Colleague: 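Structure in structure tokens, see below.
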Amino acid sequence: MNKQPKYRQVADALRREIDNGTFPPGSRLPSESELQARFDASRNTVRNGLSLLVGEGLIASSQGLGYEVRSHEVFELNASRFENLTFPQNGDAYNTNVTNAGRRPHQTFRVEMLPAPEDIAQRLRVEAGSKTVLRFCHRYVDDVPWSTQATYYPAWLVEQSPRLGDPGDIEEGTTRYLAAHGIEQIGYFDEISTRMPTPDEARLLEIGAGVPVLLWTRTGYSVDRPIRCTITTFRGDLNRMNYEIGDLGARNEDA
């Protein structure tokens, strides 16, 4: 005998049908009245079950249009190769990764001079409140919001590499630009975490209820000190990251 509350039974049944393709991405679920009849349940019970699936990010509701199964075309990012100058690039790392995947990149920029927040100052080894340049990108893949990226550069670096403070894109990417000016990033330290989005993040990334963000904080180092701190905020439902560490020759061998 199923001891699950009725609304959870409704959610479980619909979740299975979403997973097995009965309701594919982009399709609409039956109406609330149809689900009431199917499950012999009250309207509130059906709505509570649907709310569970909304909270899991599986479906979205539209005023007057019912519930739709969310599309999840996941983009896979190889974080080991991102910004690695030994690999061929077509423009900056973002454009290279997206175009290599056969998809279409688009991004907008904002450049500001800001006092360093305390957590950024610690990573850059500068005084909190000291001057930094923030380069902020709002990035899309196939016109779907993909990520936001906030990169902070210390003032001493901007004095040596003035294009960092200019508005607009640096087509070859800032890592290559800095290397051409004798400031080579020879290593980086990554931090990865998840949380629920802020209201601004939810708006910029068009995130539905119940979908977390993936935070990727990368601090880049020259031979003697940190040169930048980048915080990339990804939609948690549309992105997956991987790393290549060590000799992976066996992974590429034919079966």
Side-chain angles (χ1 to χ4, degrees), residues 75 77 79 82-85 89-99 103-191 197-207 213-222 225-235 239:
F75 187 87
L77 174 70
F82 200 79
E83 303 173 333
N84 189 326
L85 303 188
Q89 287 196 202
N90 173 28
D92 65 11
Y94 154 73
N95 279 280
T96 299
N97 276 266
V98 176
T99 55
R103 301 175 69 176
R104 188 174 65 257
H106 167 66
Q107 58 186 330
T108 61
F109 289 90
R110 184 177 82 243
V111 179
E112 299 179 62
M113 194 74 72
L114 293 175
E118 186 169 346
D119 59 329
I120 300 298
Q122 289 176 354
R123 290 177 172 88
L124 292 178
R125 297 183 196 161
V126 298
E127 291 292 327
S130 63
K131 187 169 67 174
T132 61
V133 165
L134 167 66
R135 295 182 63 85
F136 183 88
C137 308
H138 188 194
R139 291 174 164 169
Y140 298 78
V141 172
D142 297 335
D143 296 324
V144 176
W146 179 57
S147 69
T148 63
Q149 186 179 84
T151 302
Y152 294 83
Y153 298 93
W156 66 263
L157 183 59
V158 180
E159 292 171 4
Q160 297 181 34
S161 312
R163 280 179 65 196
L164 291 176
D166 293 344
D169 192 9
I170 296 177
E171 291 184 1
E172 69 271 32
T174 55
T175 304
R176 287 181 184 270
Y177 166 65
L178 290 173
H181 283 69
I183 306 166
E184 184 180 358
Q185 177 179 272
I186 64 169
Y188 49 77
F189 178 75
D190 283 1
E191 303 164 75
T198 66
D200 278 349
E201 290 166 346
R203 175 180 57 82
L204 288 172
L205 297 176
E206 298 179 12
I207 296 175
V213 290
L214 172 67
L215 299 177
W216 178 24
T217 302
R218 170 168 285 189
T219 305
Y221 292 83
S222 68
R225 53 182 163 173
I227 56 177
R228 55 94 174 196
C229 180
T230 299
I231 303 171
T232 307
T233 305
F234 294 102
R235 284 179 56 154
N239 291 279

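Reckoned from all heavy atoms, side chains included, excluding hydrogens, waters and symmetry mates. Computed from a predicted structure; not experimentally measured.
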Colleague: Starting at OG1 of Thr219, measure out to CG of Leu124 and round the result to the nearest 0.5 Å.
Modeller: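 Separation between the atoms: 7.0 Å.
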Colleague: Going by heavy atoms in the side chains, are Gln149 and Arg139 under 4.5 Å from each other?
Modeller: yes
Colleague: State the OG-CG distance between Ser222 and Leu157, to the nearest 0.5 angstrom.
Modeller: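 CG of Leu157 is found 8.5 Å from OG of Ser222.
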Colleague: Assess whether a salt bridge exists between Arg123 and Glu191, defined as any Lys/Arg side-chain N lying under 4.0 Å from an Asp/Glu carboxylate O.
Modeller: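 The answer is yes: the pair qualifies as a salt bridge.
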Colleague: With heavy-atom distances below 4.5 Å as the criterion, would you say the side chains of Pro145 and Leu204 are in contact?
Modeller: no
Colleague: Got a second to check how far Ile170's CD1 is from Tyr177's OH, nearest 0.5 Å?
Modeller: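 Taking CD1 in Ile170 and OH in Tyr177, the distance rounds to 6.0 Å.
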Colleague: Do the side chains of Asp166 and Arg163 get close enough for a salt bridge, i.e. N-O under 4.0 angstrom?
Modeller: no
Colleague: Could you tell me how the ring of Trp146 sits relative to the ring of Phe234: parallel (under 30°), tilted (30 to 60°) or perpendicular (over 60°)?
Modeller: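 Judged by the thresholds at 30° and 60°, the geometry between Trp146 and Phe234 is perpendicular.
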Colleague: I'd like to know if the side chain of Gln185 pairs up with that of Thr175 as donor and acceptor (distance under 3.5 Å, no hydrogens or angles considered).
Modeller: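 No, no side-chain donor-acceptor pair sits under 3.5 Å.
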Colleague: Do Leu134 and Val111 come close enough that some side-chain heavy atom pair is under 4.5 Å?
Modeller: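 A side-chain contact is absent here, since even the closest heavy-atom pair is not under 4.5 Å.
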Colleague: State which residue, out of Val98, Asp143, Val144, fulfils the side-chain contact (heavy atoms from CB on, under 4.5 Å) condition with Arg104.
Modeller: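 Passing option: Asp143.
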Colleague: Mark yes or no for whether Arg218, through its side chain, and Cys229, through its backbone, hold a donor-acceptor pair below 3.5 Å.
Modeller: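 No: the side chain of Arg218 does not pair with the backbone of Cys229.
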Colleague: With the side chain counted from C-beta on, respond yes when Tyr152 and Pro117 share a heavy-atom pair under 4.5 Å apart, and no when they do not.
Modeller: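 Yes, close enough: below the 4.5 Å cut-off.
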Colleague: Pairing donors with acceptors under 3.5 angstrom, does anything connect the side chains of Arg228 and Thr230?
Modeller: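 Thr230 and Arg228 do have a side-chain donor-acceptor pair below 3.5 Å.
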Colleague: Can you tell me how far CG of Leu164 sits from CG of Leu178, rounded to the nearest 0.5 angstrom?
Modeller: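 Leu178 CG to Leu164 CG: 5.0 Å, rounded to 0.5 Å.
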Colleague: Only one of Thr233, Thr198, Asn239 forms a side-chain contact (heavy atoms from CB on, under 4.5 Å) with Val213, so which one is it?
Modeller: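 Of the listed residues Thr233, Thr198, Asn239, the side-chain contact (heavy atoms from CB on, under 4.5 Å) partner of Val213 is Thr233.
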Colleague: May I ask you to test the Ile231-Ile120 pair for a side-chain heavy-atom distance under 4.5 Å?
Modeller: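 When only atoms from C-beta onward are counted, Ile120 and Ile231 do touch, with a gap below 4.5 Å.
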Colleague: With side chain to side chain donor-acceptor pair (under 3.5 Å) as the criterion, how do Thr174 and Tyr153 come out once you've worked through the C-alpha distance, each side chain's angles and the decisive distance to 0.1 Å?
Modeller: CA-CA 11 Å; Thr174 55; Tyr153 298 93; 2.9 Å; yes
Colleague: Using a 3.5 Å distance criterion without hydrogens, assess whether the side chain of Ser161 forms a donor-acceptor pair with backbone atoms of Val158.
Modeller: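 No: the side chain of Ser161 does not pair with the backbone of Val158.
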Colleague: Just wondering, do Asp190 and Thr217 contact through their side chains at under 4.5 Å, heavy atoms?
Modeller: no
Colleague: Say you draw a straight line from OH of Tyr221 to OH of Tyr188; how long is it, rounded to the nearest 0.5 Å?
Modeller: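 The OH atom of Tyr221 sits 13.5 Å away from the OH atom of Tyr188.
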Colleague: Do the charged groups of Glu112 and Arg110 touch, with an N to O distance under 4.0 Å?
Modeller: yes
Colleague: Assess Arg225 against Trp156: is NZ or CZ under 6.0 Å from the centre of the six-membered ring, and within 45 degrees of the ring's axis?
Modeller: yes
Colleague: With a 4.5 Å heavy-atom cut-off, do Gln107 and His138 have their side chains touching?
Modeller: no
